[in-house]
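Below is one structure; the comments refer to it alone.
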Protein chains: 2
Amino acid sequence: MTARTSPEASRDIPEATVARLPVYLRALTSLVEAGTRTCSSEELAGAAGVNSAKLRKDLSYLGSYGTRGVGYDVDYLRYQIAREIGVEQDWPVVIVGIGNLGHALANFSGFRSRGFRVVALLDADPSRHDEVVAGIDVRPFADLEAIVREHGVAIGVIATPAVAAQDVADRMVGCGITSILNFAPTVLSVPTGVDVRKVDLSIELQILAYHEQRKAQGEATPATTGPGDPAHHELVREETA
Amino acid sequence: MTARTSPEASRDIPEATVARLPVYLRALTSLVEAGTRTCSSEELAGAAGVNSAKLRKDLSYLGSYGTRGVGYDVDYLRYQIAREIGVEQDWPVVIVGIGNLGHALANFSGFRSRGFRVVALLDADPSRHDEVVAGIDVRPFADLEAIVREHGVAIGVIATPAVAAQDVADRMVGCGITSILNFAPTVLSVPTGVDVRKVDLSIELQILAYHEQRKAQGEATPATTGPGDPAHHELVREETA
DNA sequence: GCCGGTTTGTTCTCCCGTTCACAAACTCCT
DNA sequence: AGGAGTTTGTGAACGGGAGAACAAACCGGC
Ligand SMILES: NC(=O)c1ccc[n+]([C@@H]2O[C@H](COP(=O)([O-])OP(=O)(O)OC[C@H]3O[C@@H](n4cnc5c(N)ncnc54)[C@H](O)[C@@H]3O)[C@@H](O)[C@H]2O)c1
Ligand SMILES: NC(=O)c1ccc[n+]([C@@H]2O[C@H](COP(=O)([O-])OP(=O)(O)OC[C@H]3O[C@@H](n4cnc5c(N)ncnc54)[C@H](O)[C@@H]3O)[C@@H](O)[C@H]2O)c1
């Protein structure tokens, strides 16, 4: 998709692997804190909740950082993964929408410890502008561009209501932000080159509900709720009309 | 995995499709509210941010609910998807860990409107037990079993610190909860038959950081930070020792 | 120096998911 | 009634990821 400029560029890592590297990183950090020096793919895979073959294949995309017959140097591997992900340096981040969720995010200590630094909290509501959350004062949304330029922000977090999310995203993109984490339940439309990831509580719960319904189906009373399809079809159309 | 008991059981839906159905459901709800009666796969796919062929194939797993040459009856399709997911009736949910995040979740209005009902907020900290959040009073974690039995809760949300998450999950499973949404950054181990989904802010940000680093790599100064591998290898080992 | 035991890195195969492309089916207009 | 135009549902090709299995590489003991 993007041009390969650097000749020494590391082979591109499959998306599925990229999504697991942070899990490995976390497991390795735990091991480091526990004083472990070395671990096998089997141990690490257990801690990360994945298959050991998958783990080894994932790590092989980064390079050959293990030692056959021994395993991996925990701290060395942790560093290599952190470097590959890009969280050795801190990424400045802005959070927009300091409501219920925005407060929780601002207070979330995991940001700093995992390679991110909240440089600003923004909200459109003037009544919030005198507030200080987690040591950072909430500023007007209009300050976005100045802040992004000042700190070189590339990553933005959206925690506004759904109706405002697209506007906020547009403004972010206009300022030069190229990665967005969206908590609002909306599909964002952004130009090519901008990455969007969404965190959607309702979707996660509904996926659980689907499987839950499936589990219940086997043991429930014979006539659960829904009869054949055609009758329901009519019923629903009546509701509409 | 589970036995097919019902003869009329609908064919099992691919996991990737299940994960998209809630997105379609949301898009359809928007269309209903906008007064739209009918829509084509192209329109709906646009609203959901997916390929129209994918949308059609996804919907085909549910049945043939469209009309060729016309499209889909918005309200009818919305009902069918909601029924398939299982969010026509409300699912009782408990939230454990009423800290920063737990407060936000408790105040989240999207629960009720999307098929879920928070029946209890639980926390181990006694100083929180006199608190009322979003009209629900925070109760001792020890009440979990009684509440689960009383309301027939099948879905639990974990918003405790990571160290407590596995204990909470074990207790939940012990009470009969079979679906867990985990916000704590830990790998949970649960018996077969229990579904766990995780929402992990740090992982999402780190995935964005990886791609962001990739984007920057092409245009950055020649010597970014890291030299060849061997030297760094030593450096890191020194840090450890 | 060599051998048994251990663990990685990689190859191979299979399966799931995505996308293309098109026949079948429906509506509307004449 | 018939034909032109539209849109669904699905068969088939394709690509990527998961897991099994194994050869290569390393350690430690003798
Ligand atoms: N609270 C949760 O646990 C939770 C969970 C999942 C998803 N969400 C989603 O996250 C979003 C925020 O939820 P919340 O509970 O914090 O809502 P909230 O109403 O408490 O907070 C929203 C904040 O965004 C601000 N805002 C509105 N428009 C803005 C704009 N154009 N620019 C900048 N700021 C703006 C508001 O002033 C407010 O402070 C919602 O989309 C919600 O659906 C929340
Ligand atoms: N705050 C965020 O935005 C955010 C974002 C992503 C992930 N998380 C994760 O979500 C979790 C909660 O975050 P937080 O900021 O709300 O933390 P917090 O410390 O504010 O709240 C944790 C709550 O859990 C309670 N608790 C602790 N042990 C318990 C137990 N055994 N049983 C029941 N309750 C118990 C505590 O009393 C406290 O009220 C953490 O694991 C955090 O890493 C938080």
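Protein chains get the first letters and strands the later ones, always in sequence-line order, with residue 1 at the start of each. If you're wondering where the values come from, they're calculated on a predicted model, not measured in any experiment. What you see below is based on every heavy atom in this structure, not just the backbone, and it leaves out hydrogens, waters and symmetry mates.
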Legend entry - A:Arg56 or B:Gly66, whichever maps to the more 5' nucleotide of DNA chain D: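 Comparing both residues, the 5'-ward one is B:Gly66.
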Inset, instruction - Between A:Thr17 and B:Ser40, name the one whose nearest nucleotide on DNA chain D is closer to the 5' end. - result: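 That would be B:Ser40.
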Inset, instruction - Heavy atoms only: give me the nearest B:Ile155-A:Leu205 pair and the separation to one decimal. - result: CG2-CD2, 3.9 Å
For residues 20-29 of chain B, run the donor-acceptor check on the side chains, cut-off 3.5 Å, and write out each pair with its distance to 0.1 Å, sequence neighbours left out.
from    : atom 1 : to       : atom 2 : distance (Å)
B:Arg20 : NE     : B:Tyr24  : OH     : 3.4
B:Arg20 : NE     : B:Asp58  : OD2    : 2.7
B:Arg20 : NH2    : B:Asp58  : OD1    : 3.1
B:Arg20 : NH2    : B:Asp58  : OD2    : 3.3
B:Tyr24 : OH     : B:Asp58  : OD2    : 2.5
B:Arg26 : NH1    : A:Asp200 : OD2    : 2.4
B:Arg26 : NH2    : A:Asp200 : OD1    : 3.1
B:Arg26 : NH2    : A:Asp200 : OD2    : 3.3
B:Thr29 : OG1    : B:Leu25  : O      : 2.8

Inset, instruction - Verify, without hydrogens or angle tests, whether A:Gln206 (side chain) and B:Arg114 (backbone) share a donor-acceptor contact under 3.5 angstrom. - result: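 Checked: pair present.
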Inset, instruction - Can you sort out the partners of B:Glu43 under salt bridge (charged side-chain N to carboxylate O under 4.0 Å, His left out), two or more places apart, ordered by chain and number? - result: none
Legend entry - Results of side chain to side chain donor-acceptor pair (under 3.5 Å) for B:Glu15 - residues two or more places apart only: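 Result, side chain to side chain donor-acceptor pair (under 3.5 Å) vs B:Glu15: A:His211.
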Inset, instruction - State which residues pass side chain to side chain donor-acceptor pair (under 3.5 Å) with A:Ser41; sequence neighbours excluded, sorted by chain then number. - result: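 Counting only residues at least two positions away or on another chain, A:Ser41 forms a side chain to side chain donor-acceptor pair (under 3.5 Å) with A:Arg56.
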Inset, instruction - Would you please say whether a donor-acceptor pair under 3.5 Å links the side chains of B:Tyr76 and B:Gln80? - result: yes
Would you tabulate the side-chain donor-acceptor contacts of residues 158-172 of chain B under 3.5 Å, counting partners in other chains and residues two or more places apart, or write 'none'?
from     : atom 1 : to       : atom 2 : distance (Å)
B:Gln166 : OE1    : B:Ser189 : N      : 2.9
B:Gln166 : NE2    : B:Asp170 : OD1    : 2.8
B:Gln166 : NE2    : B:Ser189 : O      : 3.0

Legend entry - chain B footprint on DNA chain C, 5' to 3' - any atom under 4.0 Å from a heavy atom: C:dG17 to C:dT27
side-chain contact (heavy atoms from CB on, under 4.5 Å) with [X]: which residues, sequence neighbours excluded?
| X | result |
| --- | --- |
| A:Pro14 | A:Thr17, A:Tyr61 |
| B:Glu42 | B:Ser40, B:Ser52 |
| A:Glu204 | B:Leu181, B:Arg197, B:Val199 |

Legend entry - Angle of first-five versus last-five pair axes in the helix from C:dG1-D:dC30 to C:dT30-D:dA1, to 10 degrees: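 One end's axis against the other's: 10°.
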Legend entry - Greater than 12 external heavy atoms within 6.0 Å of A:Arg117's CZ: yes
Inset, instruction - Give A:Glu42 one of three labels, base, sugar-phosphate or nothing, depending on what nucleic acid heavy atoms sit under 4.0 Å from its own. - result: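 Nothing: the residue A:Glu42, judged by heavy atoms under 4.0 Å, touches no strand.
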Legend entry - Check: B:Ile95 and B:Phe111 side chains under 4.5 Å, non-hydrogen atoms: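 Side-chain contact under 4.5 Å: yes.
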Legend entry - Contacting residues from residues 46-55 of chain B, given that a heavy atom lies under 4.0 angstrom of DNA chain D: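 Listed by number, there are none.
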Inset, instruction - Would you grab the first and last nucleotide of DNA chain D (5' to 3') that comes under 4.0 Å of any non-hydrogen atom in chain B? - result: D:dT6 to D:dA12
